[in-house]
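As a basis for the values below, the full set of heavy atoms in this structure was taken, side chains included, without hydrogen atoms, waters or symmetry mates. Below, chain A is the first sequence line, B the second, and so on; all start at residue 1.
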Protein chains: 2
Amino acid sequence: MTPPAPLHLSLAGQAVDVLREQVLTGEIPTGSRVNEVEVAQKLGISRGPLREAIRHLASEGLLTLVPHRGAFVPDASPEDVRALFELRTALECAAAELAASRRTDVDLVRLQDVCAESRRNYTAGQPFPYRLDLAFHQTLIEAARSPYIAEQVRLVQQRVVLLRSALDDDPPHQHASLDDHDELVRAIADGDAARASTVMRRHLSRVCAQMITSLTH
Amino acid sequence: MTPPAPLHLSLAGQAVDVLREQVLTGEIPTGSRVNEVEVAQKLGISRGPLREAIRHLASEGLLTLVPHRGAFVPDASPEDVRALFELRTALECAAAELAASRRTDVDLVRLQDVCAESRRNYTAGQPFPYRLDLAFHQTLIEAARSPYIAEQVRLVQQRVVLLRSALDDDPPHQHASLDDHDELVRAIADGDAARASTVMRRHLSRVCAQMITSLTH
DNA sequence: AAACTGCCAACTGTCGACAGTTGACATGTT
DNA sequence: AACATGTCAACTGTCGACAGTTGGCAGTTT
């Protein structure tokens with residue numbers, strides 16, 4: 001029996017969740033400003049907790065703060081995307097290596113399951129749900145069992161989601177991603193850390209390039 | 001002429017700087033609690049800005065927040081140190097690779113300068129100033145020219161400083177670190193990314209082990 | 001004496017109001 | 001007409017006060 005564990009989060013905590021959702025879904029559009037009094041009223045809280053929520057999201061990179069001007073939903077240049085993916089690559093390649101050397105059998109099964117479900121959704125001709133891509137990377141991170149890396153990956157993933165102007169992944173790219181995922185799982189199954197890292201790097205390089213082109217068009 | 005550029009930081013910003021200094025220097029000892037009203041009075045500000053400062057430092061990992069209890073200076077188990085160094089290794093190995101492929105000649109000169117000054121201070125028999133170790137890694141990061149990685153490295157470095165219970169690096173370890181640094185610079189000078197990464201990994205592995213033993217004694 | 005219960009002080013979480021700054025518009029000037 | 005200046009509304013930065021929760025202590029029970 002866990003200790004009580006605050007049944008309701010603090011107002012600031014709730015505000016963080018609501019705002020994060022609104023930012024990530026685009027309900028608060030890119031480039032727009034977050035008005036403190038307005039949003040506070042809309043959430044039914046005062047400005048204090050809302051300010052803390054805004055600061056928190058800013059620390060996650062989901063908002064940028066301008067002194068005396070307020071908080072804005074950031075938009076990214078191609079150069080930003082490239083730099084962000086350098087970070088993501090560093091983190092996820094390390095995670096892939098660790099996963100290859102630490103994975104349990106149930107980790108492996110989970111990864112294979114996600115890949116299988118991805119393929120099922122893909123061959124069904126439906127638009128490949130980004131949800132499954134996230135699930136794959138999430139599962140891989142858990143297999144790496146490195147909490148600090150996991151936390152940073154989560155934050156970077158969020159920023160990537162924020163930049164995803166487009167669900168408009170083209171099928172060829174999706175197909176390549178599925179193959180990458182499968183190859184990653186095989187490398188991890190073999191405990192081949194070097195190959196896992198190499199494949200992850202190639203995978204993310206492709207995703208980055210795809211994202212940049214879809215941003216500039 | 002840059003625009004006015006807030007001559008005085010916000011009170012919250014100032015509080016962040018003061019508190020960070022106090023936490024990192026140990027003026028606020030590990031495990032102790034930060035009393036909001038007390039510290040607010042001491043800093044001559046109200047609780048609002050101080051709370052924002054505390055939240056900010058918590059997001060940097062320099063404080064941990066406990067609901068309804070307050071903010072504490074965290075202490076780390078050996079397992080924490082290991083996990084933290086997995087993150088640091090991921091980031092700095094990537095930085096070393098990038099530095100090897102992007103470094104300019106002036107980057108190289110800077111790195112060599114830091115190494116030279118380190119050796120001067122070492123052979124002089126003085127306790128090797130941690131300052132110079134930080135300077136080396138900082139210079140390397142700048143040579144990598146990857147802003148997001150740089151920012152994360154800065155945060156991790158801070159947390160490492162927080163855990164440095166000891167300036168008590170033993171000379172043999174220091175000597176090995178100096179050699180590592182020199183070898184890193186050579187790899188970067190040669191543009192050998194793979195070797196730079198390998199050396200960095202070995203270097204951080206050694207530092208991590210040393211830090212764990214000095215924590216447990 | 002050990003354990004449980006009820007109370008209390010201290011502190012965090014939250015609120016509403018005031019003060020200072022910013023960008024924009026209107027007015028006046030060359 | 002273009003530019004400089006003065007004015008203003010909107011918003012952020014900050015403050016002091018109130019409310020709810022937590023951990024500890026005193027008193028009671030077994």
Original post:
Is a side-chain N or O of B:S32 found less than 3.5 angstrom from the main chain of B:I28, in a donor-acceptor match?
Top reply: no
Subject >> Approximate separation, where rounding is to 0.5 Å, of A:E92 CD and A:L98 CG >> reply: 12.5 Å
Subject >> Separation of A:M200 CE from A:R88 CZ (nearest 0.5 Å) >> reply: 7.5 Å
Between the protein and nucleotides 14-17 of chain D, list every N/O to N/O distance that falls short of 3.5 Å.
unit_1: D:dT14; atom_1: OP1; unit_2: B:L11; atom_2: N; d: 2.5
unit_1: D:dC15; atom_1: OP2; unit_2: B:S46; atom_2: N; d: 2.8
unit_1: D:dC15; atom_1: OP2; unit_2: B:S46; atom_2: OG; d: 3.3

Original post:
Among side-chain atoms of A:E52 and A:H56, is any donor-acceptor pair under 3.5 angstrom?
Top reply: no
Between protein and nucleotides 9-11 of chain D, what N or O pairs are separated by less than 3.5 Å?
unit_1: D:dC11; atom_1: OP1; unit_2: A:N35; atom_2: ND2; d: 3.0
unit_1: D:dC11; atom_1: O5'; unit_2: A:N35; atom_2: ND2; d: 3.3
unit_1: D:dC11; atom_1: O3'; unit_2: A:R33; atom_2: NH1; d: 3.1

Subject >> Listed once per pair and sorted, the salt bridge (charged side-chain N to carboxylate O under 4.0 Å, His left out) pairs that draw on residues 202-217 of chain A, sequence neighbours left out >> reply: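 For residues 202-217 of chain A: A:D180-A:R202, A:D180-A:R206, A:E183-A:R202.
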Original post:
Among B:Q112, B:R102, B:R145, whose side chain to side chain donor-acceptor pair (under 3.5 Å) with B:D107 holds?
Top reply: B:R145
Original post:
Taking the inter-plane angle between the rings of B:H203 and B:H181 on a 0 to 90° scale, is it parallel (under 30°), tilted (30 to 60°) or perpendicular (over 60°)?
Top reply: perpendicular
